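Notes follow the structure.
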Amino acid sequence: MRQVTILGATGSIGQSTLDIIALHPDRFELYALTANTSHQEMLRLCTRFKPKLVVMRDLESSKLLKRSLKGSTIKVLSGEEGLVQVVVADEVDTVVAAIVGAVGLIPTLAAVKAGKRILLANKESLVMTGALFIDAVKQHAAELLPVDSEHNAIFQCLPKGSVGQDAAQGLNKIILTGSGGPFRDTDLAELDNVTPEQACNHPNWDMGPKISVDSATMMNKGLEMIEACWLFSVDEADVDIVLHRQSIVHSMVSYKDGSVIAQMGNPDMRTPIANALAWPERIASGVEPLNLLQVSQLDFTLADSARFPCLELARAAWHLGGTAMAVLNAANEVAVELFLKREIKFTDIALLIGKVMEKTEVVAVTDLDSVLNADAAARRILHELVRQRARSL
Ligand code: NDP
Ligand code: MG
């Protein structure tokens, strides 16, 4: 019986994970569920799944939930300390890291340092810290399993035990696929005026708002290129990004002998999550089997840098190294948040990230503080750029 903590249980990945756990009561038991402010949704999850503990990061929300759970045996904690407590607990062996953004870093790293099995959805934490994260996985003998569909696909196409190790012997390229998001065919001139609703309306995947916007700008693919480099110890030049509008081939590995191994399936996150939850076994996920006759056609085209400038920004950050990736990630998080609040245009996202990268000094990632300082500086600079622009209008 695996004891599971889900960080970000009320989100899209959290819900998909709970769906699979509900199918396998003989395999998984819920130790803890966490969220930030969604206390009503958490109350519903508590009634249905009966975890031992719940963490609401937001203090007010934890008080409200505590009140609603009065008389129940479920314990309610709050804050970052609460998040850390429910991942390092001795009883826990599996942690699903599905908080969105840099706020997921501290509890995810705590799970790594406690040597747990970590199902990594929160790519931002790995992108920010890179070698620091992977070294901690090795040092603490944690088991890192990628949940991001592309990385889970690559993981399935590489020999066993490839995460955090040197690139597989005989590897030619990793081929990362991406659908191109909702604006892959939109007139470039119209991108200035697209709305958050349009950006969040992904043609193939149903995801949280931040990653939906990242998919529309393709910063998601940029972050995923960096994620792949750290996970599989390869360089940016070893990762090709290919547009694949059907989202059926989730990524591929090309070998020196000419073989290309692809992982396919319907676009549904329950497949990679089930794969990682039960690994190395295979369990039912509730996903319909793929019907290739129905799909009938698979297209692959080049990702266009003029349409998707975020891809170049991510490549530049990887080559700059050090804290550049934390800067890229933080600037992107703030820009996406401002776009979702309608304070900046869609096309401002890449523009502002580029300006923040120009204005920040890259230093080596020596410890967690160097990353957190770079993250804070990038956020400050982006807000300042937006304020300056508002003043000059
Ligand atoms: P959602 O926005 O749907 O969910 C985010 C979760 O994180 C919620 O449970 C939310 O709680 C919690 N959360 C948000 N802010 C905080 C905070 N400050 N402190 C503590 N918890 C917080 O996101 P997704 O599920 O879409 O994405 C989660 C992660 O998985 C991201 O890193 C994303 O890149 C990655 N991922 C997602 C995929 C998908 O299909 N959705 C695919 C591949 C990767 P609350 O409800 O209270 O706000
Ligand atoms: Mg992905």
Side-chain angles (χ1 to χ4, degrees), residues 5-19 32-45 54-62 64-65 77-84 86-87 96-108 118-128 145-155 176-181 200 202 204-215 218-228 231 241 244 247 249-251 263 265 267-273 276 287 329 332-333 336-337 340:
T5 284
I6 306 179
L7 297 171
T10 51
S12 155
I13 293 287
Q15 299 281 349
S16 295
T17 309
L18 285 167
D19 286 349
L33 299 178
T34 86
N36 187 27
T37 55
S38 306
H39 58 93
Q40 278 163 342
E41 174 59 14
M42 188 56 98
L43 178 63
R44 200 183 65 78
L45 296 182
V54 164
V55 186
M56 299 304 296
R57 189 169 195 267
D58 174 63
L59 184 61
E60 270 317 298
S61 308
S62 79
L64 290 167
L65 183 66
L77 307 176
S78 67
E80 194 164 74
E81 323 76 66
L83 296 177
V84 170
V86 298
V87 300
V96 181
I99 290 178
V100 59
V103 284
L105 175 61
I106 301 291
T108 304
I118 296 123
L119 272 60
L120 185 72
N122 177 226
K123 65 193 93 185
E124 295 92 340
S125 57
L126 177 58
V127 167
M128 293 168 76
L145 298 171
V147 160
D148 211 349
S149 58
E150 297 75 5
H151 306 75
N152 184 267
I154 296 160
F155 173 70
L176 206 57
T177 55
S179 70
C200 289
H202 196 281
N204 306 350
W205 299 93
D206 183 13
M207 310 180 285
K210 191 260 176 183
I211 186 175
S212 295
V213 178
D214 284 351
S215 301
M218 279 196 94
M219 180 56 93
N220 184 47
K221 217 45 60 183
L223 297 176
E224 288 183 353
M225 178 276 291
I226 297 172
E227 181 186 10
L231 279 175
I241 297 175
H244 166 50
S247 297
V249 174
H250 298 304
S251 278
Q263 187 264 353
D268 189 319
M269 287 308 293
R270 289 177 297 174
T271 296
I273 297 169
V287 177
N329 178 67
N332 180 55
E333 282 187 24
V336 169
E337 201 183 300
L340 286 170

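Computed from a predicted structure; not experimentally measured. Both ligands and their constituent atoms are indexed starting at 1 by order of listing.
Residue E124 has at least one heavy-atom neighbour below 4.0 Å for each of these atoms of ligand 1: 31 (C), 32 (O), 34 (O). Distances below 4.0 Å separate heavy atoms of A98 from the following atoms of ligand 1: 6 (C), 7 (O), 28 (C). Those atoms of ligand 1 with a heavy atom of G8 less than 4.0 angstrom away are 6 (C), 7 (O), 9 (O). Within the listing of ligand 1, atoms 8 (C), 9 (O), 10 (C), 11 (O), 45 (P), 46 (O), 47 (O) sit less than 4.0 angstrom from a heavy atom of T10. Here is the list of ligand 1 atoms found below 4.0 Å of a heavy atom in N122: 32 (O). Atoms of ligand 1 found under 4.0 Å from any heavy atom of M269, numbered from 1 in the order shown, are 40 (O), 42 (C), 43 (C). Ligand 1 places these atoms under 4.0 Å from at least one heavy atom of A9: 9 (O). Counting the atoms of ligand 1 from 1 in the order shown, those under 4.0 Å from a heavy atom of D148 are 43 (C), 44 (C).
In terms of heavy-atom proximity, L145 sits nearest to F155 at CD2-CZ, 3.5 Å.
Looking at G14 next to ligand 1, no N or O pair under 3.5 Å apart turns up. Remark: ligand 1 and A35 share no N or O pair separated by less than 3.5 Å (distance only, no angle test). Residue T34 places no N or O, backbone or side chain, under 3.5 Å from any N or O of ligand 1.
Only the side chain of V103 comes within 4.0 Å of ligand 1, counting heavy atoms alone; its backbone N, CA, C and O stay farther away. Counting heavy atoms under 4.0 Å from ligand 1, residue V100 touches it through both backbone and side chain. Neither the backbone nor the side chain of S16 comes within contact range of ligand 1; no heavy atom lies under 4.0 Å.
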Pair D206-M269, side chain to side chain contact (heavy atoms under 4.5 Å, CB included): steps then yes or no: CA-CA 9 Å; D206 183 13; M269 287 308 293; over 6 Å; no
Tell me, with the steps shown, if V147 and V96 meet side chain to side chain contact (heavy atoms under 4.5 Å, CB included). CA-CA 9 Å; V147 160; V96 181; 5.7 Å; no
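Looking only at protein heavy atoms, the nearest one to atom 35 (C) of ligand 1 is A121 O, 3.1 Å. Nearest protein heavy-atom neighbour of atom 26 (O) of ligand 1: G208 N, 2.9 Å. Distance from atom 45 (P) of ligand 1 to its nearest protein heavy atom, with residue and atom name: S38 OG, 3.2 Å. Of the protein's non-hydrogen atoms, S12 OG, 3.1 Å is the one closest to atom 41 (N) of ligand 1. Protein heavy atom at the shortest distance from atom 16 (C) of ligand 1 is N36 CB, 3.6 Å. Given atom 4 (O) of ligand 1, the protein heavy atom at minimum distance is G11 CA, 3.1 Å. Scanning the protein heavy atoms around atom 19 (N) of ligand 1, the nearest turns out to be R57 CD, 2.8 Å.
Here the straight-line distance linking atom CG of L105 with atom CD of E80 works out to 8.5 Å at 0.5 Å rounding. Between atom OG1 of residue T37 and atom CD of residue E60 there is a gap of 12.0 Å, rounded to the nearest 0.5 Å. Going from atom CD of E81 over to atom CZ of R57 covers 8.5 Å, rounded to the nearest 0.5 Å. One finds the CG atom of L83 at 10.0 Å from the CE atom of M56 (value rounded to the nearest 0.5 Å).
In this structure, of I99, I211, D214, the residue bringing a heavy atom nearest to atom 29 (C) of ligand 1 is I99. Of the listed options L7, I13, L83, D206, I13 places a heavy atom closest to atom 38 (C) of ligand 1. Counting heavy atoms only, K123 comes closest to atom 34 (O) of ligand 1 of the residues Q15, E80, E227, K123.
Between the T10 side chain and the E41 main chain, no donor and acceptor come within less than 3.5 Å of each other. Between the side chain of S16 and the main chain of S12, a donor-acceptor pair closer than 3.5 Å is present. When atom types are taken as modelled, the side chain of S78 and the backbone of D58 share no donor-acceptor pair closer than 3.5 angstrom. D148 places no side-chain N or O within 3.5 Å of a backbone atom of H151 that could act as its donor or acceptor partner.
Of the candidates I273, N122, I6, I13 forms a side chain to side chain contact (heavy atoms under 4.5 Å, CB included) with just one, namely I273. With E150 as reference, K221 is the one residue of H250, K221, Q263 to meet the side chain to side chain donor-acceptor pair (under 3.5 Å) rule.
A heavy-atom distance below 4.5 Å is not found between the side chains of P146 and L120. Two residues are said to be in side-chain contact when any heavy atoms from C-beta on lie closer than 4.5 Å; E224 and S251 fail this criterion.
Among heteroatoms of the N, O or S kind in D148, OD1 lies nearest the Mg ion (ligand 2). If you look at E224 and ask which of its N, O or S atoms sits nearest the Mg ion (ligand 2), the answer is OE2. As for E150, its N/O/S atom nearest the Mg ion (ligand 2) is the one called OE1.
No hydrogens or angles considered: nothing links the side chains of Q15 and D19 as a donor-acceptor pair under 3.5 Å.
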